[in-house]
Structures are given as C-alpha cells and as structure tokens.
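Every chain is numbered from 1 and lettered A, B, ... according to where its sequence line falls, protein lines coming before strand lines.
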2 protein chains.
Amino acid sequence: MIRFDSGDELLLVLEALSNPHRLKIIAVLSEGRQYVSHLARELGISRPLLYLHLQKLEEANIVSSDMEILETGQAAKYYQLNDFQFELNEKNIHDLSSSLTMKKKK
Amino acid sequence: MIRFDSGDELLLVLEALSNPHRLKIIAVLSEGRQYVSHLARELGISRPLLYLHLQKLEEANIVSSDMEILETGQAAKYYQLNDFQFELNEKNIHDLSSSLTMKKKK
DNA sequence: ATCATATGTAAGTATTTTATTACATATGTA
DNA sequence: TACATATGTAATAAAATACTTACATATGAT
C-alpha cells in the first residue's frame with residue numbers, strides 16, 4: 001500500500017499514471033518483469049519514447065529496474081512493477097493539499 | 001465509490017487529478033460547496049483559469065454545478081464535490097487496460 | 001565483416017496543457 | 001449614472017509533455 005508523505009508526492013504519482021502508454025506499461029508489467037526492447041515491441045512504440053515513459057514511472061516509484069545478462073550474453077535492462085496499491089478519497093486529498101507546492105517545473 | 005467502466009474513463013479521472021490547482025479545488029470543495037468567484041479568490045487564481053480547471057473536473061465527473069441566486073439577488077454558479085473515492089492497484093489497471101484507447105486528443 | 005540483438009541519449013519537432021488578457025452580459029447599491 | 005458584484009468566453013501566449021529521428025556503444029551469431 002503506497003503511503004503519500006506529501007501532496008507533491010501524490011501529484012507525482014498521479015502525473016505518472018495519467019497517460020495511456022504508462023497505464024499499458026503497468027498492465028504489461030503486472031504480468032511479470034520485462035526488459036526494455038521486448039517491452040517496446042510488445043507495446044508497439046519506439047524505444048526512446050518508452051524510455052521517457054519508464055523514467056516518469058520510475059521517478060514516481062511505480063517501477064524499478066535492474067541490468068541483467070540475457071542467455072545470449074547481451075545486457076538487458078529489466079523493469080518490474082513495485083507493489084502498488086492505494087486509495088484516494090476527499091479526506092486524504094484534503095489532508096495532503098497543505099503540502100502541495102504550486103511551483104513551476106523548469 | 002467510483003466504478004470505472006473503461007480504461008478511458010479511468011484515464012479521464014487520473015488526468016483530472018494530476019494538477020496541483022485541481023487537487024486544491026477538491027480540497028476546498030471537500031469543506032463544502034462554493035461558487036466560482038468566491039473559489040477564485042480563495043485559491044488566488046483568475047476566474048478564467050479556474051473555469052478551465054473546473055471544466056476538467058466536471059468532465060471527469062468529480063464535481064458538479066448548479067446555478068443559484070445569492071441573497072444579494074445575483075446569480076452564482078455553485079460547485080460541489082461528487083462523492084469521490086476509489087482504489088487503484090495493479091489488478092484493476094490490468095483489467096481496464098484493454099479498454100484503453102490510444103487516440104489523439106484533437 | 002556484416003547482421004541482428006541489446007542499451008543509451010541528444011536534438012529537434014509537434015502537440016497538449018496551462019495561463020493571461022480582454023472583452024461581453026446581468027444584477028444590486030450608492 | 002457609476003461602481004461593485006456575478007457569469008461566460010474568445011483569442012493569444014507560454015510552458016510542459018509527448019514523440020521522432022538520428023546517432024553512439026557493445027555483444028553474439030553467420
């Protein structure tokens with residue numbers, strides 16, 4: 001069960017989830033870990049684009065990655081879903097809203 | 001308890017939630033219904049901007065609105081939070097991912 | 001050596017989202 | 001009438017996000 005320590009952290013997770021590709025990635029990874037190139041083929045998107053989405057998921061702590069050597073001897077970067085489950089309701093949004101920063105991104 | 005009938009609907013809600021202003025709006029409305037101009041002053045943002053955010057929340061069915069006549073005789077548009085609570089986990093994302101459209105927005 | 005596999009990223013473009021400015025209309029009060 | 005309140009929206013600008021193209025490196029197999 002994810003625990004949000006601040007509104008900013010909640011927002012980071014919500015932003016990571018609000019994209020169809022990233023929801024698909026989560027769906028695929030829920031069936032098991034997978035490496036980047038394979039994932040890209042399965043999702044039908046380019047690897048650079050997949051990287052971008054995986055980064056956002058990783059920054060939000062929804063997935064994590066490990067390098068591993070395939071049977072062929074080549075290096076592969078495996079991604080897996082971190083245990084991920086949470087509940088949202090008016091109360092916890094209210095409680096977290098005070099620790100919500102309205103700062104610009106860049 | 002919100003029930004998502006499709007991945008697209010889930011995404012709509014997640015997109016509506018992934019903005020600090022909109023989370024603040026939800027937090028304020030969780031304390032009671034309020035009309036637009038008052039809300040804008042409370043949040044410290046312009047009314048046109050607030051409109052934009054309220055529209056997104058309304059499209060996602062998170063809030064709803066009613067016109068009402070103030071004691072002064074003027075019309076006011078009141079917004080209230082719809083009962084709002086849901087749980088997210090790998091399983092329901094997996095289940096909903098098949099009904100996720102990857103279409104462009106406009 | 002060439003081909004297929006893998007990771008990694010920089011640079012540029014396109015699209016979407018967010019925000020501002022400037023209006024319009026209407027009601028009530030001084 | 002002039003001022004304060006309210007809603008509503010169009011047009012534009014700015015910022016953030018998403019996506020593509022083009023590379024680089026490395027491993028193993030043919």
Just list the side-chain donor-acceptor pairs under 3.5 Å for residues 54-62 of chain A, sequence neighbours left out, or say none.
residue	atom	partner	partner atom	Å
A:Glu58	OE1	A:Tyr79	OH	3.1
A:Glu58	OE2	A:Ser65	OG	2.9

Distance in angstrom units between [X] [atom1] and [N] [atom2], rounded:
X        : N      : atom1 : atom2 : result
B:Leu49  : D:dT7  : CG    : C1'   : 16 Å
B:Tyr78  : D:dG8  : OH    : P     : 14 Å
B:Met102 : D:dC19 : CE    : C1'   : 12 Å
A:Gln55  : C:dA10 : CD    : C1'   : 13 Å
A:Leu50  : D:dT21 : CG    : C1'   : 17 Å
B:Lys56  : C:dT16 : NZ    : P     : 11 Å
A:Glu15  : C:dT17 : CD    : P     : 13 Å
A:Leu17  : D:dA18 : CG    : C1'   : 17 Å

- Quick one, which residues of residues 20-31 of chain B touch DNA chain C with a heavy atom under 4.0 Å?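 Result for residues 20-31 of chain B: B:His21, B:Arg22, sorted by number.
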- Name the closest nucleotide to the B:Tyr35 side chain, picking from D:dT21, D:dA18, D:dT7. D:dT7
- Selection from D:dT7, D:dA16, C:dT17 that lies nearest to any side-chain heavy atom of B:Lys105: C:dT17
- Hydrophobic cluster membership, B:Leu12 vs B:Leu81, 4.5 Å side-chain cutoff: no
Kindly say if [X] contacts the phosphate of [N], meaning a side-chain N or O under 4.0 Å from OP1 or OP2.
X        : N      : value
B:His53  : C:dA19 : yes
B:Arg47  : C:dT21 : no
A:Lys104 : D:dA16 : no
A:Tyr51  : C:dT7  : no
A:Asn19  : D:dT17 : no
B:Lys77  : D:dG8  : yes

Between [X] and [Y], which heavy-atom pair has the shortest distance, and what is it?
X        : Y       : value
A:Gln85  : B:Glu87 : NE2-OE2, 2.9 Å
A:Leu100 : B:Pro20 : CD1-O, 3.6 Å
B:Lys24  : A:Ser97 : NZ-O, 3.0 Å
A:Leu14  : B:Leu17 : CD1-O, 3.6 Å
B:Val36  : B:Leu50 : O-CD2, 3.3 Å
B:Ala27  : B:Ser30 : O-OG, 2.6 Å

- Task: For A:Asn89 and A:Asn92, indicate whether the former's side chain and the latter's backbone hold a donor-acceptor pair under 3.5 Å.
- Result: yes
- Message: Is it the case that over 12 heavy atoms from other parts of the model lie below 6.0 angstrom from the CG atom of B:Asp5?
- Response: yes
- Comparing A:Pro48 with A:Ser18, nearest DNA chain D nucleotide closer to 5' gives the residue A:Ser18
- For B:Tyr78, what residues pass the ring pair (Phe, Tyr, Trp, His ring centres under 6.0 Å) criterion, not counting sequence neighbours?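 Result, ring pair (Phe, Tyr, Trp, His ring centres under 6.0 Å) vs B:Tyr78: B:Tyr35.
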- By ring pair (Phe, Tyr, Trp, His ring centres under 6.0 Å) - contacts of B:His53 (at least two apart): B:His21
- Item | Watson-Crick and G-U pairing of DNA chain C, under 3.5 Å, as dot-bracket with | and [ ] | ||||||||||||||||||||||||||||||
Please list, for nucleotides 25-29 of chain D, all pairs of protein and nucleotide N/O atoms separated by less than 3.5 Å.
residue	atom	partner	partner atom	Å
D:dT27	O2	A:Gln74	OE1	3.4

